[in-house]
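First the structure, in the form of structure tokens, and then the observations on it.
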Amino acid sequence: MPRPIIVSERERDFIKEALQKTFEIVLNDSNDCKKLSELIKDENLPVISESTLYRIFLVDNHKSTPYLHTLNILAQFIN
């Protein structure tokens, strides 16, 4: 059964910065998360919903705990 992973704010910022730098996108709102979701899908990777990306990177309280599978998809996408 999948388990959520506790990711520190520093780790989230690292992933977010890597995504923004590599793909020249800025994650400021749900539209940006939708664009990122579509880019991931275009790479033939499993879909990560716009709402999941929003919760991971843009919700202020950072209480979201993403699944390891989601983090692996992001790592593959960043390469």
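Side-chain atoms of T65 never come within 3.5 Å of backbone atoms of I6 as a donor-acceptor pair (strictly under, hydrogens ignored).
L74 and L45 fall within the same hydrophobic cluster, where Ile, Leu, Val, Met, Phe, Trp and Tyr residues are linked whenever their side-chain heavy atoms come under 4.5 Å apart, directly or through other members. One hydrophobic cluster, built from ILVMFWY side chains closer than 4.5 Å, cannot hold both I78 and V26; they sit in different ones. Hydrophobic clustering (ILVMFWY, side-chain heavy atoms < 4.5 Å, transitive): Y67 and L19 are in distinct clusters.
For the atom pair SG of C33 and CG of N28, the computed distance is 9.0 Å after rounding to the nearest 0.5 Å. A distance of 11.5 Å separates CG of L53 from NZ of K16, quoted to the nearest 0.5 Å. Note that CD of E38 is 9.5 Å distant from CG of L36, once rounded to the nearest 0.5 Å. How far CD1 of I40 is from CD1 of I73: 7.5 Å, rounded to the nearest 0.5 Å. To the nearest 0.5 angstrom, N44 atom CG is 11.5 Å from Q76 atom CD. Put simply, CD on E50 and CG on N31 are 7.0 Å apart, with the number rounded to the nearest 0.5 Å.
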Carefully, step by step, assess I15 and F57 under the rule side chain to side chain contact (heavy atoms under 4.5 Å, CB included). CA-CA 9 Å; I15 296 169; F57 297 116; 3.6 Å; yes
Start with the C-alpha gap between F77 and L39, add the side-chain angles, then the distance that decides, and say whether side chain to side chain contact (heavy atoms under 4.5 Å, CB included) holds. CA-CA 9 Å; F77 183 64; L39 289 172; 3.7 Å; yes
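Taking all atoms of both residues into account, the shortest heavy-atom contact from L58 to L27 is CD2-O, 3.2 Å. Contact between L71 and P66 at its shortest, heavy atoms only, is CD2-CG, 3.9 Å.
In summary, of the residues considered (R12, R10, E11), a side chain to side chain donor-acceptor pair (under 3.5 Å) with S8 occurs for E11 alone.
Within a 6.0 Å radius of CG in N79, no more than 12 heavy atoms belonging to other residues, nucleotides or ligands are found. Shown here is F14, whose CZ atom has no more than 12 heavy atoms of other residues, nucleotides or ligands within 6.0 Å.
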